[in-house]
Amino acid sequence: MEKGTSFLFSGITFDKKKFAADFSRFKEKKESDDLVESGKSEAEEGARPVKKRKRKATVADPVEGFNVFKTSKSSAQGIQQNDQEKSELSQAKKELNRQIERDALLRKKHKIHISGNNVPSPLENFSELSSRYGCESYLLHNLAELGFKEPTPIQRQAIPVLLSGRECFACAPTGSGKTLAFVCPMLMKLKHASKDGIRAVILCPTRELAAQTARESKKLAKGKKFYIKLLTKELLRSGDISKLPCDILISTPLRLRSAIRKKKLDLSRVEYLVLDESDKLFELGLVKQIDAVVKACSNPSIIRSLFSATLPDFVEELARTIMHDAVRVIIGRKNSASELIKQKLVFAGSEEGKLLALRQSFAESLNPPILLFVQSKERAKELYTELAFDDIRVDVIHADLSQSQRENAVDDFRAGKTWVLIATDVIARGMDFKGINCVINYDFPDSPAAYIHRIGRSGRAGRTGEAITIYTEDDVPFLRNIANVMAASGCEVPSWIMALPKLKWKKHRPQRDSISTKPKDQKE
Ligand SMILES: Nc1ncnc2c1ncn2[C@@H]1O[C@H](COP(=O)(O)OP(=O)(O)OP(=O)(O)O)[C@@H](O)[C@H]1O
């Protein structure tokens, strides 16, 4: 990728060298004004329109330095025209500078950090979707109906980037509206439903997230007949799905690769590919599947984008190998937790101590909905068995459950039928449960990224939330990394934790004593 340019702290002086790209874009625009009759060029779509210049048709266009055959009259006219051109050029430069300054202020206000060439102006409001990009009324209507008054910071910047036909990798806090940031431009670019094969693909790491994304996309597309399909097991079994009309296909990588292998799908016409929770998708277990999908999406003009709340350097490096002239958008600090979450660390001496502390805190004040994370499905089952007989509406979700059991667990939690949901990391990413009051890390998370995603199930869409992380002696060496995340998002951390040595952290999933309080001979 080419070296990034950030306008964030730029002044108002127009530096031709620094803004060579913008300057040349401006020049190109002037030169092509008479040629472009309708429709916006990519550059025009990106920057706000610079005042259009009407060229005079009376004088033959001089070729610079070769005007020796001109009459004195025409050279006088030429000088006059030159003056006019100069003054128009300086006006346009001023306007461009003002725009750059406005963009910088807006980005600064919303903590939008960018790098890349000719990054389009961020959105000031949703109505710019129609004034700048000709957005259809159904979409604006749906945004209003969903109660979205203002674009979130990631939406302000990523939507114009994608609408300008640029590839994008984006990192923004959990619960900050990344889904809309990629679905909205996708719908706008696709324009109408078509039966010409699959035109867009969204990959999500889990079935639950894929189902949620499909549902949210349909809400945004309401009133417009798009074919938005979730690639389910049933759909995959139902014979030839290659003929199925499908504008947007949403899937997990495993299922999609399986469809590609069985030659059930043709992805050669895909125009847009989104990798949601991209760092998860690039993890060892999934990267081969992603590779297969990326290869199958062979359309040379495909626009790819990567979104996540955590974007480690290795993902950026991988992304650079597949993306062209991409724009990088970071909201706030990279790899940080949402500032809306009050984070706490609690020490427990043993597994028994953990359970006791949990029961006590539930007895004192239970403020559902609560999401409780443990490190494995075995431990999820054990904790469920312990709490199921307490006077709490508790449920559990993990990978050993059938798809319908998993769906029911999510639906009941969403509907408020379940107060406390015990979960493994299977729902740690992307899941949008409205108004979770508290996330409890019953077992310490196995990485800082897992911590950020787990606690990010609360404190979403502008609401506040709470996160409690229980740690034992085994977890102490890893405390510092979590404490760093906490401190970076403004939470207080005991000084002794900040004084702990920094550890290079791979995966921390220690062997823990059983949660079960049943005597050994009564355990299954
Ligand atoms: N412009 C907006 N104004 C208000 N709410 C919004 C806006 N855009 C999205 N939301 C809401 O914010 C919530 C979080 O959005 P979303 O699930 O896309 O977050 P995310 O950034 O993808 O989070 P995660 O990193 O956890 O996947 C959703 O309930 C969504 O409906």
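Read the numbers this way: they start at 1 and go in the same order the structure lists the ligands and their atoms. Basis for what follows: all heavy atoms, side chains included, without hydrogens, waters or symmetry-related copies.
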Closest non-hydrogen atom pair between Lys111 and His113, with its separation: O-CD2, 3.5 Å
Quick check: Phe182 with Phe307 (ring centres under 6.0 Å apart)? yes
If you measure every N or O of Asp432 against every N or O of ligand 1, does any of those distances drop under 3.5 Å? yes
Contact between ligand 1 and Arg429 is defined here as a heavy atom of the residue under 4.0 Å from a ligand atom; is it met? no
List the atom of Ile112, the atom of Pro153, and the distance in Å for their closest heavy-atom pair. CD1-O, 3.7 Å
Look at atom CZ of Arg512 and say whether more than 12 heavy atoms of other residues, nucleotides or ligands are closer to it than 6.0 Å. yes
Looking only at protein heavy atoms, identify the closest one to atom 12 (O) of ligand 1 and say how far it is in Å. Ala461 CB, 3.2 Å
Option with minimal heavy-atom separation from atom 27 (O) of ligand 1, where the choices are Gly430, Gly177, Gly462: Gly430
For ligand 1, which is the ligand I care about here, please tell me if Arg460 has any N or O atom under 3.5 Å from one of the ligand's N or O atoms. yes
Distance filter under 4.0 Å to Lys434 heavy atoms, resulting ligand 1 atoms: 29 (O)
Within-cut-off N or O pair, Lys178 and ligand 1, under 3.5 Å: yes
Counting from 1 in the order shown, the ligand 1 atoms closer than 4.0 Å to a non-hydrogen atom of Ser176 are 19 (O), 20 (P), 21 (O)
Classify the angle between the aromatic ring planes of Phe226 and Tyr138 as parallel (below 30°), tilted (30 to 60°) or perpendicular (above 60°). tilted
Between Lys178 and Asp276, is a salt bridge (Lys or Arg N to Asp or Glu O under 4.0 Å) present by the stated rule, with each step listed? CA-CA 9 Å; Lys178 292 186 285 296; Asp276 192 15; over 6 Å; no
Proximity of Glu277 to ligand 1 by residue part, where a heavy atom lies under 4.0 Å: side chain
At less than 4.0 angstrom from any non-hydrogen atom of Arg457, what atoms of ligand 1 do you find? 26 (O)
Ring centers of Phe373, Tyr442 separated by less than 6.0 Å: no
To which protein heavy atom is atom 30 (C) of ligand 1 closest, and what is the distance rounded to 0.1 Å? Phe148 CZ, 4.0 Å
Numbering as shown, the atoms of ligand 1 that approach Thr179 to under 4.0 Å (heavy-atom distance): 16 (P), 17 (O), 18 (O), 22 (O)
Using a heavy-atom cut-off of under 4.0 Å, does the side chain or the backbone of Pro173 touch ligand 1, or both, or neither? backbone
Return yes or no for this condition: an N or O of Gln155 is under 3.5 Å from an N or O of ligand 1. yes
Any Lys/Arg nitrogen of Arg207 or Glu407 sitting under 4.0 Å from an Asp/Glu carboxylate oxygen of the other? no
Would you say ligand 1 has an N or O under 3.5 Å from any N or O of Lys149? no
Answer yes or no: is there a donor N or O on one side and an acceptor on the other, between the side chain of Glu382 and the main chain of Ile515, under 3.5 Å? yes
Taking every non-hydrogen atom, the tightest pair across Arg414 and Asp432: NH2-O, 3.2 Å
Indicate yes or no: does an N/O atom of Gly175 lie under 3.5 Å from an N/O atom of ligand 1? yes
